[in-house]
Amino acid sequence: MPPLDLTADEVLTTTRAVRRRLDLDRPVERALIEECLRLAAQAPTGRNRQRWDFALVTDPARRAALADLYRPGLARPRQQVVRDGADRGDPVRGRRIAESAQYLFDHLHEVPVLLVPCIRVRGLHENASHVGQANTWGSILPAVWQFMPAARSRGLGTA
């Protein structure tokens, strides 16, 4: 599928976490994902080290297992949170986001392709310091973000 006819600004201003609008029935060609991954690999990295990979998961049983691992992480933040006085914005918008997150919670196992960012480390000592953490996350997070507009420009949704 060729990229959509969108300007860079249009891609950047329309790339959102798509949850309720994910097309759970649309087949996604591996070549399309690989195209987006090639673009993601061009992202800046901390200390110019690409100690990360992406795992592409299409097997239904493995997608279901990953969804089962994901769900507790979404459920726990719903527990009582101490209010710090910060303005969290419009409560209607907050409810919309919560409903969208719930939809993904309920349907993640149905998403045709799960792309999982993975960090390669030789041991826990590599990320023990603040500098190590900054280098690690400063490498993979730009690649994850760069994947999202690449996917958006090709008509794919991401979350």
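Counting only residues at least two apart or on different chains, no ring-ring contact (aromatic ring centres under 6.0 Å, His included) pair has a member in residues 8-49. For residues 6-39, there are no ring-ring contact (aromatic ring centres under 6.0 Å, His included) pairs, not counting sequence neighbours. Applying the ring-ring contact (aromatic ring centres under 6.0 Å, His included) rule to pairs touching residues 27-52 yields W52-F54, sequence neighbours excluded. The salt bridge (Lys or Arg N to Asp or Glu O under 4.0 Å) contacts involving residues 97-106 comprise R20-E99, where partners must be two or more places apart or lie in separate chains. For residues 3-19, no residue pair satisfies the salt bridge (Lys or Arg N to Asp or Glu O under 4.0 Å) rule, not counting sequence neighbours.
Residues meeting the ring-ring contact (aromatic ring centres under 6.0 Å, His included) test with Y70, sequence neighbours left out: none. R152 meets the salt bridge (Lys or Arg N to Asp or Glu O under 4.0 Å) test with no other residue; sequence neighbours excluded. For T15, there are no side-chain hydrogen bond (donor to acceptor under 3.5 Å, both in side chains) partners two or more places apart in sequence or in a different chain. Scanning for side-chain hydrogen bond (donor to acceptor under 3.5 Å, both in side chains) contacts around R38 gives an empty result, with sequence neighbours left out. R21 is linked by a side chain to side chain contact (heavy atoms under 4.5 Å, CB included) to V18, counting only residues two or more places apart in sequence or in another chain. Evaluation of the side chain to side chain contact (heavy atoms under 4.5 Å, CB included) rule for P60 yields R63 as partners, not counting sequence neighbours.
P44 approaches P142 most closely through the heavy-atom pair O-CB, 3.5 Å. When all heavy atoms of L4 and G155 are compared, the closest pair comes out as CD1-N, 3.8 Å. In plain terms, the two heavy atoms of L108 and A67 that are nearest each other are CD2-CA, 3.7 Å.
In this structure, R51 contributes its side chain and I119 its backbone to no donor-acceptor pair below 3.5 Å.
Taking the side chain as every heavy atom from C-beta outward, L24 and V111 approach each other to under 4.5 Å.
From I33, atom CD1 reaches atom CG of L115 across 6.5 Å, with rounding to the nearest 0.5 Å. Summarising the geometry, atom NE2 belonging to H107 is positioned 9.0 Å from atom CD belonging to Q102; distances are rounded to the nearest 0.5 Å. With rounding to the nearest 0.5 Å, the separation of CZ in R154 from CD in E29 is 12.5 Å. Between I140 atom CD1 and T45 atom OG1 the span is 11.5 Å, to the nearest 0.5 Å. H109 contributes atom NE2, which lies 13.0 Å from atom CG of L66 (distance to the nearest 0.5 angstrom). From D90, atom CG reaches atom CZ of R96 across 8.0 Å, with rounding to the nearest 0.5 Å.
Other residues, nucleotides and ligands contribute over 12 non-hydrogen atoms within 6.0 Å of the CZ atom of R120.
M148 shares a hydrophobic cluster with L12, W145; the chain of contacts runs through ILVMFWY side chains whose heavy atoms sit under 4.5 Å apart.
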Test side chain to side chain contact (heavy atoms under 4.5 Å, CB included) on L104 and L22 and set out the steps. CA-CA 9 Å; L104 187 60; L22 286 170; 4.0 Å; yes

